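Encoded as structure tokens, the structure appears first; notes follow it.
Since the structure is predicted, the reported quantities are computational estimates derived from the model, not experimental observations.
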Amino acid sequence: MYNDSFKLRYQSAPLAVDEKNDYTVTYPHIHNEIEVLYIEKGKTDVKISDFSSVAQKGDIIFVNPLEVHTFIPHKDEEYKHKCLCFDTSLVADKKVCEKLVNGNIKIDYHLKGETKITDLFLKIYDAVIKNEDTLMFESMECISGIFCHLMKNQLLKDENKSQKSEIFCHMVMEYISKNFDKQITSADVAEQFFYTQSYFCRIFNENFGVSFSNYLNIYRIYAAKQMLEKTDKKISDIAYECGFLNPEYFTKTFKKYTGKLPSDYKKSQYSTKNVAR
């Protein structure tokens, strides 16, 4: 679920860019960083937590920290997008930065006709590609410009999250991080925090934008990816250590969320590391 692979592409500043010009699905994942997409050609279905829309040429998509998101390009026309991920530390106003991380404010997901933001996005994108000594200064300048525009045009929304909601999210995330390798269910977690199962499932979906079982599987697949990247353990052992009793089901679930078999993912990571060297 948690995907920070783009951090491998960080250079002299904590941001990275990518480009997609095919119909490959971006499978559900989350990360601490802010992600921005600029659609250059075609259309894509956008799903961020419980938000969904169709983005097309010229649109800008923002993903706030720790939001489950996926992009599914339409195959009826040529598709291309540019992507930027950056650490919230690049946001100059530390109060705004803290509120973004805590989920107290959110950037509007889907922006249309925002030429100012588009121009600043493309400027950062080109700066990252060039990777000159001034990259940190250029990126902070452009990101400051983006947030200035967002605030002036009321595109940065106060979520007014209740303290109760924040506490719920932190408790559940901590519990999952410590118990994802065990055979836990929504009923187990609900009992742990003295909720009925139906009430727990409802407020979990409201806060996380996906069902508990879906979120748990995504988290387990993230943990498996880390093991595949950093250890030489057998795939069957990794499956068990990540809470999957059936290796075949693990393989099926892994492909569902990453688009690759575990064995192919491990090979691709090995090839990437060798190229980097």
Side-chain angles (χ1 to χ4, degrees), residues 1-8 25-33 35 47-50 63-70 85 101-103 161 164-266 268-269:
M1 137 190 219
Y2 187 94
N3 185 348
D4 59 359
S5 59
F6 53 84
K7 286 186 176 180
L8 297 173
V25 174
T26 302
Y27 287 87
H29 65 286
I30 64 171
H31 42 69
N32 288 312
E33 292 69 25
E35 182 172 343
K47 297 182 180 180
I48 307 172
S49 294
D50 57 354
V63 180
N64 295 280
L66 295 175
E67 292 184 319
V68 179
H69 55 285
T70 180
C85 280
V101 172
N102 292 335
K161 283 185 107 176
K164 184 177 179 180
S165 179
E166 291 179 21
I167 292 173
F168 173 82
C169 292
H170 284 299
M171 287 194 310
V172 172
M173 290 179 70
E174 183 177 9
Y175 185 87
I176 290 175
S177 69
K178 292 179 178 179
N179 296 281
F180 72 92
D181 57 332
K182 303 179 180 66
Q183 297 308 298
I184 58 173
T185 65
S186 59
D188 297 325
V189 188
E191 183 179 1
Q192 176 73 22
F193 298 116
F194 307 103
Y195 295 113
T196 64
Q197 184 180 11
S198 59
Y199 179 73
F200 170 80
C201 289
R202 179 170 65 81
I203 60 174
F204 185 95
N205 209 314
E206 287 175 359
N207 282 278
F208 289 89
V210 293
S211 68
F212 174 79
S213 59
N214 194 7
Y215 191 98
L216 179 60
N217 271 342
I218 296 172
Y219 194 100
R220 285 171 168 168
I221 293 304
Y222 162 69
K225 287 171 65 178
Q226 299 298 298
M227 291 186 189
L228 288 168
E229 293 171 11
K230 300 176 182 178
T231 73
D232 292 321
K233 292 181 179 181
K234 294 180 180 178
I235 290 176
S236 58
D237 291 338
I238 290 175
Y240 291 128
E241 289 183 32
C242 291
F244 293 94
L245 296 180
N246 186 329
E248 292 182 1
Y249 178 66
F250 165 69
T251 297
K252 180 180 178 180
T253 306
F254 191 95
K255 187 173 182 181
K256 174 182 176 181
Y257 289 112
T258 69
K260 295 181 179 180
L261 296 172
S263 56
D264 292 338
Y265 180 82
K266 189 172 184 64
S268 68
Q269 293 300 305

Quick check for you: to the nearest 0.5 Å, what is the distance between [X] atom [atom1] and [Y] atom [atom2]?
{"X": "Glu206", "Y": "Ser49", "atom1": "CD", "atom2": "OG", "result": "12.5 Å"}
{"X": "Ile30", "Y": "Tyr222", "atom1": "CD1", "atom2": "OH", "result": "9.0 Å"}
{"X": "Met227", "Y": "Asp232", "atom1": "CE", "atom2": "CG", "result": "13.5 Å"}
{"X": "Phe244", "Y": "Thr251", "atom1": "CZ", "atom2": "OG1", "result": "9.5 Å"}
{"X": "Asn217", "Y": "Tyr257", "atom1": "CG", "atom2": "OH", "result": "5.0 Å"}
{"X": "Cys85", "Y": "Asn32", "atom1": "SG", "atom2": "CG", "result": "11.0 Å"}

Salt bridge (Lys or Arg N to Asp or Glu O under 4.0 Å) contacts in which one or both residues fall within residues 239-261, not counting sequence neighbours: Lys233-Glu241
Within a strict 4.5 Å, meaning less than it, do heavy atoms of the [X] and [Y] side chains meet?
{"X": "Glu35", "Y": "His29", "result": "yes"}
{"X": "Ile221", "Y": "Tyr27", "result": "no"}
{"X": "Asp181", "Y": "Tyr240", "result": "no"}

Chi angles and distances behind the side-chain contact (heavy atoms from CB on, under 4.5 Å) call for Phe254, Ile235: CA-CA 11 Å; Phe254 191 95; Ile235 290 176; over 6 Å; no
Could you pull out the closest heavy-atom pair between [X] and [Y], with the gap in Å?
{"X": "Leu228", "Y": "Pro262", "result": "CD1-O, 3.9 Å"}
{"X": "Gln183", "Y": "Asp188", "result": "O-OD2, 3.6 Å"}
{"X": "Thr231", "Y": "Lys266", "result": "O-NZ, 2.6 Å"}

More than 12 heavy atoms from other groups under 6.0 Å of NZ on Lys182: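 For Lys182, atom NZ is crowded (more than 12 foreign heavy atoms under 6.0 Å).
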Ring geometry between Phe180 and Tyr219 (parallel below 30°, tilted from 30 to 60°, perpendicular above 60°):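 The rings of Tyr219 and Phe180 sit tilted, inter-plane angle from 30° to 60°.
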Residues forming a side-chain hydrogen bond (donor to acceptor under 3.5 Å, both in side chains) with Glu191, sequence neighbours excluded: none
Thr26 side chain vs Thr70 backbone, donor-acceptor pair below 3.5 Å: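 Side chain of Thr26 to backbone of Thr70: no pair is present.
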Stepwise side-chain contact (heavy atoms from CB on, under 4.5 Å) check, Ile176 with Phe212: CA-CA 10 Å; Ile176 290 175; Phe212 174 79; 3.9 Å; yes
Ring center gap for Phe200 and Phe193 short of 6.0 angstrom: no
Pair Tyr215 and Phe204, ring centroids less than 6.0 Å apart: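 Between Phe204 and Tyr215, which both carry aromatic rings, the centre distance is below 6.0 Å.
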